[in-house]
Amino acid sequence: MVGDAASRLELARGLLRRMEDRSERSDAVRSAPVGPAEDAGADVVPVAEPLRPLLPAGGLRRGSTVSVASGTGSTSLLFALLTEASAQGMWAGVVGVPGLGAVAAAEAGVRLERLALVPRPGGDLVAVVLALLDGMDLVVVAGAQRAGLRGQDRQRLAARARQRGAVLLALGSWPGADVELGCSDVRWSGAGRGAGRLCSRQAVVRSGGRGSAGAGRRAEVLLPGRSGAVAAVHAPAAVLGTPVRGAPAHGTPARGDERVAVG
Amino acid sequence: MVDPGEGREGAAERVLALWSPDWPVTAAALGAHVPAHRPAAVFHANRVLACSAIARAHGVRRGLRRRDAQARCPELAVLARDPERDARLFEPVVVAVEELAPGVEIVRPGLLALPAKGPVGWFGGEREAAERLIDQVAARTGVECQTGFADGLFAAVLAARRGLGVEAGRSREFLAPLGVEELDREPDVERSELVDLLRRLGLRSLGAFAQLAPADVASRFGSDAMLAHRLARGLDPRPPVRRRPPEELAVELELDPPVDRVDAAAFAARTLAERLHTTLAGHALSCTRLGVWARTGSGEELLRIWRCAEPLTPSGTVDRVRWQLDSWLTRGGSGAVVRLRLTPEETVTAGALQIGLWGEVGESDERAGRALVRVQALLGPEAVVTAVLGGGREPGERVRLVPWGDEREPGGSAGPGELAGPPAPEPVRLIEPEGAAVREGHPEEPDPASGPQLRVVPPEAHGDHRPSGPGTVAHDHRSGAVGRGERGPVRPDGDHGGMSGDQSSGGRPSSIRTPARSRPIRTPKAAKDPVPAWPGRIPSPSPATVPPEPLPVELLDPGGRPVGLRALDLLDAEPHLLVLPGRPGRELSAWAGPWPLQQRWWAGGAHTEVRIQVVLVDGAALLLLHREGRWWITGIYD
């Protein structure tokens with residue numbers, strides 16, 4: 001048994017190495033998605049196809065906080081994030097956006113009957129968002145800065161989202177967000193100098209965020225595309241060319257079923 | 001007509017039903033002040049829902065399309081459906097009956113039931129009681145009604161429709177020759193499938209249906225058919241195992257501050273109804289008779305009992321409570337409601353009333369609904385809204401915000417009151433003229449000499465780049481034919497443009513959202529009609545942000561002078577700089593338009609509005625509106 005000391009040491013080292021290997025592997029697994037790892041894959045709120053490469057989980061992870069930087073394109077990006085979830089029958093609440101363009105939301109593909117709006121939450125912003133997080137799949141908060149939201153409130157909201165498996169989407173800066181999205185390099189096409197009309201907007205959407213999510217992914221999308229919905233930039237020549245001739249004079253109903261009969 | 005008490009061996013109690021024929025029409029005509037001699041009909045989703053006797057004499061029938069009904073009876077008053085109005089105007093009738101007889105229960109607006117024993121005993125006979133009640137209602141409210149006596153509510157209602165008194169114990173004989181479609185007469189009860197099935201099986205009368213063995217019906221047609229079978233046999237719809245619910249099932253709400261507005265009352269009703277149903281569900285019960293009790297600020301106590309053929313659903317409860325509060329509050333005189341109580345007067349074991357396994361009311365919807373109601377409790381009922389798209393040309397005008405819990409698509413494809421004008425034809429697609437030809441051929445061009453040199457449209461715009469967006473003209477497809485479009489832009493006299501039927505924009509800035517509840521709404525039926533185009537609407541994409549109030553802005557040309565309009569479709573200079581008040585100017589990189597819009601020229605105080613889209617150098621895009629000599633931001637493409 002004496003001579004075995006070396007082999008026992010060898011055995012122990014081997015075990016240790018194996019343990020290390022295993023934990024490394026699980027570290028790699030853990031660090032890939034944002035937030036808790038146990039609900040990988042299944043608990044993701046889907047987003048529209050063109051935005052998927054931007055998000056570490058291929059969608060909005062339930063329980064996570066996502067911020068959309070304010071600025072040009074932010075509201076359209078927000079609609080694009082809500083579209084797919086809304087189409088699958090999920091509920092979304094929007095707090096503190098008095099000027100939300102519901103027509104644009106509908107054109108983007110958001111189902112308005114599942115989009116609850118609280119345009120003016122007043123001083124009860126935190127209470128309202130907490131209540132909505134209990135029942136909604138996605139809650140959009142805007143004007144957090146204006147309402148004087150403190151870091152403590154932010155943490156409370158993020159914790160509630162995590163607990164309820166909802167997604168908290170912040171319009172504007174949100175320190176501590178798991179994923180940060182923003183639009184840049186926007187370019188409208190369709191309008192000339194006194195001619196044409198706005199047709200589509202090409203934009204670069206960048207994502208960043210805490211930990212490994214902050215890989216700095218970027219995607220070039222049409223936000224919105226010609227129909228009003230987010231689209232991938234497939235053939236720039238076809239989409240971004242000269243103003244389109246012969247567009248119908250009444251406009252092109254993007255979603256004819258949303259239109260309203262008169263009389 | 002027999003004396004009461006003679007041969008009361010039937011299982012059901014003796015019921016007096018008082019029915020006012022075509023109540024929706026009666027109520028709507030009262031509300032819209034349509035004279036009684038004029039034919040009238042209530043429409044829902046472009047179909048006749050109910051019509052007056054005169055209209056019926058002219059050939060108007062239930063289910064007829066509006067234009068067909070108007071073709072048969074051109075002077076027909078077209079009225080919109082409004083269940084709340086029906087309930088509100090029925091209240092005086094109930095009060096009138098209540099003065100003579102106790103225990104009145106409202107089955108639905110237009111129909112009430114009461115135990116026959118009291119009035120028959122008091123007035124000395126069914127005929128006398130019926131006469132007194134009909135006289136009383138006519139004298140107090142001017143409403144015509146009919147009465148019926150029978151064993152059980154179902155037979156009594158059918159008897160009332162015929163103005164009959166069925167002898168006690170002979171309800172079954174009375175029902176036997178009637179058709180099975182009588183089972184499907186009540187608007188709340190959907191039995192058309194069963195009726196259709198029975199007909200196809202050759203069971204055309206209630207008598208034939210009643211001949212089936214109850215066990216066979218139960219095993220083949222399901223629970224609702226069992227209920228119908230009991231009705232057909234002249235029995236009470238439910239086996240007599242009903243029990244008086246224990247007192248603690250009643251739910252009560254202290255209203256502080258006191259409620260004197262109908263919308264606030266509706267919100268309170270919703271909260272209370274939800275509590276009631278949670279309590280009932282906890283006891284595995286559902287409610288078939290609902291007592292609504294209220295105490296007013298002056299100490300008056302009001303109680304009304306609603307009776308239902310079907311167990312009440314939460315939304316059905318809310319409706320009834322809201323209608324009741326509405327009628328109490330609008331009656332006036334008793335002040336605000338300070339306390340509200342709902343009592344389930346009669347309950348049955350909850351069987352069929354379960355949360356849908358799939359379909360509309362799922363778990364997540366319930367959860368979302370509860371969350372929204374909580375927010376409403378925090379901020380008030382109007383603070384949580386959902387958007388409904390409507391007609392209109394401006395992005396703000398097309399959106400109607402409906403408080404959560406209110407119906408998103410209230411009934412009636414028509415606005416309130418009468419609808420004028422012919423039905424809408426197929427949307428006409430404007431033939432857009434060539435840009436150059438229009439401009440030169442435009443007869444009302446204010447300054448003919450200004451054409452070539454002041455045209456801001458670059459030369460290539462005449463050919464390749466002519467405005468391809470909205471029509472140059474806000475042209476109303478109702479008011480004109482295709483040919484008119486060829487005349488080009490809007491005539492200053494306002495011959496073109498405008499939209500009949502829209503009640504939203506008025507003289508106000510049209511981009512402000514209006515909570516106009518009376519805007520024509522798309523209904524499932526109406527959806528089958530062609531979707532009307534709104535020529536002049538700017539095609540998608542629409543601005544993602546629509547400021548609640550338009551923001552004033554200045555538009556300057558390269559020389560620093562403000563840009564104005566030379567003609568409706570012509571700017572007087574090329575825009576170069578956009579200046580928000582108190583901010584440095586931002587340079588434009590592109591712009592499109594202008595597109596004139598003339599709406600509501602017939603209403604007076606209307607403005608001609610001109611819209612352009614501008615793209616700034618930094619990538620932002622805006623929708624601008626020119627009105628009253630200046631520019632406003634009405635949409636932000638962000």
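Heavy atoms only: backbone and side chains are in, while hydrogens, waters and symmetry mates are out. Here is the naming used below: chain letters follow the sequence lines, and residue numbers restart at 1 for every chain.
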* To do: Indicate yes or no: at least one non-hydrogen side-chain atom of A:V103 is less than 4.5 angstrom from one of B:V399.
  => yes
* side chain to side chain contact (heavy atoms under 4.5 Å, CB included) evaluation trace for B:D618 with A:T72 -> CA-CA 9 Å; B:D618 56 11; A:T72 307; 5.6 Å; no
* Asked: What heavy-atom pair brings A:A191 and B:A590 nearest, and what distance separates the two atoms?
  -> O-CB, 3.7 Å
* Structure fact -> Between A:L117 and the options B:T386, B:L401, B:V384, the side-chain contact (heavy atoms from CB on, under 4.5 Å) test singles out B:L401
* How far apart are the closest heavy atoms of B:P541 and A:W188, and which atoms are they? -> CG-CZ3, 4.2 Å
* Asked: Does the A:R201 side chain pair with the main chain of B:A621, one donor and one acceptor, at a distance under 3.5 Å?
  -> no
* **Interface moiety of A:D124 toward chain B, non-hydrogen atoms closer than 4.5 Å** => side chain
* To do: Sort B:V385 into side chain, backbone, both or neither according to what part of it lies under 4.5 angstrom from a heavy atom of chain A.
  => both
* To do: Measure distances from A:P119 to the heavy atoms of chain B and classify the residue's part below 4.5 Å as side chain, backbone, both or neither.
  => both
* Asked: Which heavy atom of B:L389 sits nearest a heavy atom of A:A106, and at what distance?
  -> CD1-CB, 3.7 Å
* Hey, does the side chain of A:R193 reach the backbone of B:A592 with a donor-acceptor pair shorter than 3.5 angstrom? -> no
* Can you tell which part of A:A105 gets under 4.5 Å to a heavy atom of chain B, answering side chain, backbone, both or neither? => neither
* Asked: Hey, does the side chain of A:R197 reach the backbone of B:S540 with a donor-acceptor pair shorter than 3.5 angstrom?
  -> yes
* Asked: A:S76 side chain to B:D638 main-chain N or O, any donor-acceptor pair under 3.5 Å?
  -> yes
* Distance-only, no hydrogens or angles: does the A:E107 side chain make a donor-acceptor pair with backbone N or O of B:S542 under 3.5 Å? -> yes
* Asked: Any idea which heavy atoms bring A:A116 and B:L372 closest together, and the distance?
  -> CB-CD2, 3.5 Å
